[in-house]
Structure formats: C-alpha cells, structure tokens
Amino acid sequence: MEEFIVKKTFKSQLATGFMSCVLCFVLACIFWPLWSMFFSSVFSVLAEPGLAASDPAQASKLITVMVEGSFFWMGINSWIWMSIIMGNYGKTAFTSKQPYAGIWYTIVALIAGALAYFIIIGFIGIWWKPFNLALMLTPKTAEEVSLAIIGWEAANFLALPVIMAQIPFAALLQKWPFAGTSKQPFESWGVFFFSFLAVVIVWIATIIPSFMPLTIEGQQIINVPRGSWASWVAFCQAYIFFFLIPAEGGEGYPMKLFAQKQPFMGIVGFIIALAAGFIVPPIVRGIIAPLNLLPDAPIDLVVASFILSWVVTILCWHHLFEDYPSAEIVPNTAARILIRFLIWVILGSVMGIIWQKTFTLIPFGANNLGLGYPTMGVLAGQFAFLMTFLFFNTFYDKWPLVRKIPLVRKIPL
C-alpha cells in the first residue's frame, strides 16, 4: 500500500473546514451556471419540435426538469452509488495523485449516472409512456411535452428514494448482511442490488403518486403521500437528518443505546429516523411559521428547505470539518456528540434562515444572472452546494487545500 505525507494549507481543522466551505461555495456558483447552460443547450436541440409547439411557460418547465434530471442522475445518484455504496472503488485505478484521480472518478460517476438513467428509465419506458426515452428526450407536440414533464419529474425524484432507502444500508445497517462476506467490488454490488430493491419500492409507493395523477374509469387511484409534495418532502428531510446522525458524527448513536449488533442497530436507527420524520416537521413549522421567511411559499416547503439546511450542515461538518470536536479535544463521548448535535441544529438553522433570505441572489439558487439558464430554487438549490463539497472531499480529497505527497523510501546501498 502506498504511503503518504499529508500536507494541509491550514493547520487548524476549523480553518481547513471554513476555507473548504468558501472554496466549494465559489465553485458551486461557477459550476451550476455552466452545467445548466450546457444541458439547456443540449436538451433545447433535442426537444426543439415540442418546445416550438408549446407555450413559453410549458417549454421553460420542460427544460428546467430536464436540466435538473441531468444533475440528479449524474450528480446525486451517481455519487451515492460510487462513494457510499461502492466505497470509491477504482478511484485510484490509474493514479492516486490529485486532482487526476478525482477527475478520473468524476468522469466515471457522470457516465455511470447517465447509463443508469438510460437503463432504468429506458426499460420502464417500454411500457410506461411518460418514461419513454423518445418522448422524454424528443417530444414533438405540446401534449408530448406535458407527458415528458411528468416523466422527468417522477424520474428525477428517484434521487429521493436513493437517498432515503439506499444510504441507510450503509449509514444504519453498515452494509449488513454483505459486509465482510466477500472481496470488493462484489460485496458492494451485493449491497447495491439489495438496497436498490428498497429504492424501487419507495419510488413506486411515494414518488409515482406524487407526480402522476393516475385514474381508472375516471376514478383517481392514488393518494399523494402526506397530502402534498411539500409536506412529504418535509417529512423526508427530517427522516434523512436523523438517519445520518449515527454515521456522520454520531459515532453509532443514538441507535447504539438500544442495540449493539446488526441488523438490530439498523432497525432501531430506522425507527428513530421514521419517528423523527413525523415529529420534527410540525415542531419546526410552529417555530418558523411566525418568522414568515417566504411569504408566498407553502409553509411546508419552507419547513422542508429549513430542515434540508440541517442535512447540508451535518454533511458539511462531517466531510469538511471532520466531525469537530475530535475525541482528543472532548474525550467524553456523550459530551462530544451533544456538542456536534448542537452545531448541526444551531448552525443549520442559521444557515437555513440565511439561505431562504438570499437564495434569490445566488447563481445556484434562483438567480440566473440574466443568462436565462434554469435554476433549482429554494429546495433543490442547496444540492448544488452539497454535491460540490461531497465531490470535493470524497473524489478530490480536499485538493488543493489538502495534499497527499507519496512517501519515498530510501533504499540502503
């Protein structure tokens, strides 16, 4: 195994985390306009007949969901699969030197995400008209554009079940029952297919009804989860935040208080997260509703965005600040985890308020800089920053702020 000397631009753990945040925010402000403009151009050419046949609002909606889809599949889904499920397998296949290893693995992730879209949605689209690839990518009429929008929205938010149902197999179940059963990458492939079954079930149960108003003989045959999309997403964000805690700085707690072995730890962690999904959003709603942060938005959308800021914060604190404070600084486990929890919630709440008051000014929020590219708004916009620092840490090892220099051993003569 190759050995390295780690050199950091800033000696302080907090300074490294802070500068990483600043760098990633700047990169996100550059990355999203470029990504959005590039894919807008590609999709505008592919869907030109349908766009020309549609009214401006419908045409704009189609391009927006197409661009979001490219990001969800090639950015969010692919990172979860490559980093969390596969454990960054193959990242250093050609070199361990950064940024080259990161560039290589970014290309692999982008291709993997695109292939997954064409395979999964393409197969479903053989029978489901809104998922038909020809209709989704090259609609010819206004009616086809309407169906394509529904198809893209439902396909895009496969990302939510991927987050909700696939990450817990690593965060809560610790890849049980496959962990340690075989060599990589076969162990990870087992985790992937086993967990993807849960993804499909959650997608069919919650996302399809949220975007497809299905009827039989004039009778609606679906119910929207939690009554509305905004309410459902608020539930999801609280659930996600609490299932992340054991793996993202919670050191296995709180599930370790009730169980010490798998799968019981994972089951307990799932129950805690599920309960939080029901309990936390109403509490948050009661606190932030009087603040009237977004007067024209549904209150549950505001709640969802607010709790999403907690999710972004816990991930940021884990990946960029390395779960400060460490055991060396705070030896007591309970005190250490409590401090981190307060950081996640307090700092996340402050950032949630700041985000909702400033997202209309941010290039990956709702400010297209007069260039006309699609933006993702108050909720999905946070993912542009989130994915930037996740790629920055896991694919690029915080390069150039952190450098790994190979240790050269002198051979005695």
Side-chain angles (χ1 to χ4, degrees), residues 32-73 75-76 117 121 125 128-160 207-215 220 222 224 227-233 293-302 304-305 355-356 358-384:
W32 179 254
L34 293 177
W35 179 287
S36 188
M37 286 189 288
F38 173 77
F39 280 100
S40 290
S41 299
V42 172
F43 290 130
S44 294
V45 172
L46 290 175
E48 184 178 6
L51 296 174
S54 304
D55 62 74
Q58 190 181 39
S60 176
K61 178 66 174 178
L62 176 62
I63 293 297
T64 297
V65 296
M66 283 177 145
V67 171
E68 286 181 352
S70 67
F71 176 65
F72 283 20
W73 281 89
I76 299 174
Y117 165 78
I121 301 303
W128 283 69
K129 192 171 182 180
F131 297 120
N132 180 273
L133 292 181
L135 185 143
M136 290 181 74
L137 296 169
T138 59
K140 301 295 190 297
T141 65
E143 290 74 18
E144 287 189 348
V145 167
S146 295
L147 283 177
I149 289 172
I150 294 173
W152 274 105
E153 287 182 325
N156 292 353
F157 283 99
L158 179 84
L160 195 53
I207 302 303
I208 296 293
S210 295
F211 292 101
M212 292 190 174
L214 303 176
T215 60
Q220 187 169 326
I222 57 96
V224 177
S228 71
W229 174 245
S231 298
W232 171 242
V233 175
L293 296 174
L294 293 175
D296 297 326
I299 185 58
D300 284 330
L301 182 64
V302 178
S305 176
W355 167 255
Q356 294 192 28
T358 63
F359 79 96
T360 55
L361 306 175
I362 299 173
F364 57 82
N367 177 15
N368 63 18
L369 304 174
L371 300 175
Y373 63 82
T375 55
M376 293 193 291
V378 68
L379 190 62
Q382 295 192 69
F383 280 93

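The residues of the chain are indexed from 1 along the displayed sequence.
For Phe383 and Trp32, the gap between ring centers reaches or exceeds 6.0 Å.
For the atom pair CG of Leu51 and CD of Gln58, the computed distance is 9.0 Å after rounding to the nearest 0.5 Å. Atom CD of Glu143 sits about 8.5 Å away from atom OG of Ser54, to the nearest 0.5 Å. Expressed to the nearest 0.5 Å, how far CZ of Phe359 lies from OG of Ser305 amounts to 7.5 Å. In this structure, CD1 on Ile222 lies 7.5 Å from OG on Ser210, to the nearest 0.5 angstrom. The CG atom of Asn156 lies 8.0 Å from the CZ atom of Phe211; values are rounded to the nearest 0.5 Å. For the atom pair CG (Leu301) and CG (Leu294), the distance works out to 7.5 Å, reported to the nearest 0.5 Å.
Annotation for Pro130 and Met136: closest pair O-CG, 3.1 Å, computed over non-hydrogen atoms. In terms of heavy-atom proximity, Trp355 sits nearest to Val378 at NE1-O, 2.7 Å.
The shortest distance between side-chain heavy atoms of Ile150 and Met212 falls below 4.5 Å. Val67 is listed as a side-chain neighbour of Pro374, based on a closest heavy-atom distance under 4.5 Å. Within the 4.5 Å cutoff, the side chain of Lys61 has heavy atoms near those of the Glu153 side chain. Taking the side chain as every heavy atom from C-beta outward, Ser70 and Tyr117 never approach each other to under 4.5 Å. Within the 4.5 Å cutoff, the side chain of Trp152 has no heavy atoms near those of the Glu68 side chain.
Residues forming a side chain to side chain donor-acceptor pair (under 3.5 Å) with Thr375 (at least two apart in sequence, or on another chain): none. Applying the side-chain contact (heavy atoms from CB on, under 4.5 Å) criterion to Ala159, with sequence neighbours excluded, gives Phe72, Ile76, Asn77. The side chain to side chain donor-acceptor pair (under 3.5 Å) search around Glu48 returns none, not counting sequence neighbours.
A donor-acceptor pair is defined here as one N or O able to donate and one able to accept, closer than 3.5 Å; such a pair exists between the side chain of Ser146 and the backbone of Ala142. At distances below 3.5 Å, at least one donor-acceptor pair connects side-chain atoms of Asn367 with backbone N or O atoms of Leu361. A donor-acceptor pair under 3.5 Å is absent between the side-chain atoms of Ser60 and the main chain of Pro56, judged by distance alone.
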* Please report the C-alpha distance between Val302 and Leu293 in whole Å, then the side-chain angles of each, then the deciding distance to 0.1 Å, and finally whether the side chain to side chain contact (heavy atoms under 4.5 Å, CB included) criterion is met. => CA-CA 8 Å; Val302 178; Leu293 296 174; 4.3 Å; yes
* Please step through ring-ring contact (aromatic ring centres under 6.0 Å, His included) for the pair Trp229 and Phe157, ending with a clear verdict. => CA-CA 11 Å; Trp229 174 245; Phe157 283 99; 4.9 Å; yes
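In summary, of the residues considered (Phe39, Phe43, Tyr373), a side-chain contact (heavy atoms from CB on, under 4.5 Å) with Ile63 occurs for Phe43 alone.
Side-chain contact annotation: Ser44 with Ser41, donor-acceptor N/O pair under 3.5 Å absent.
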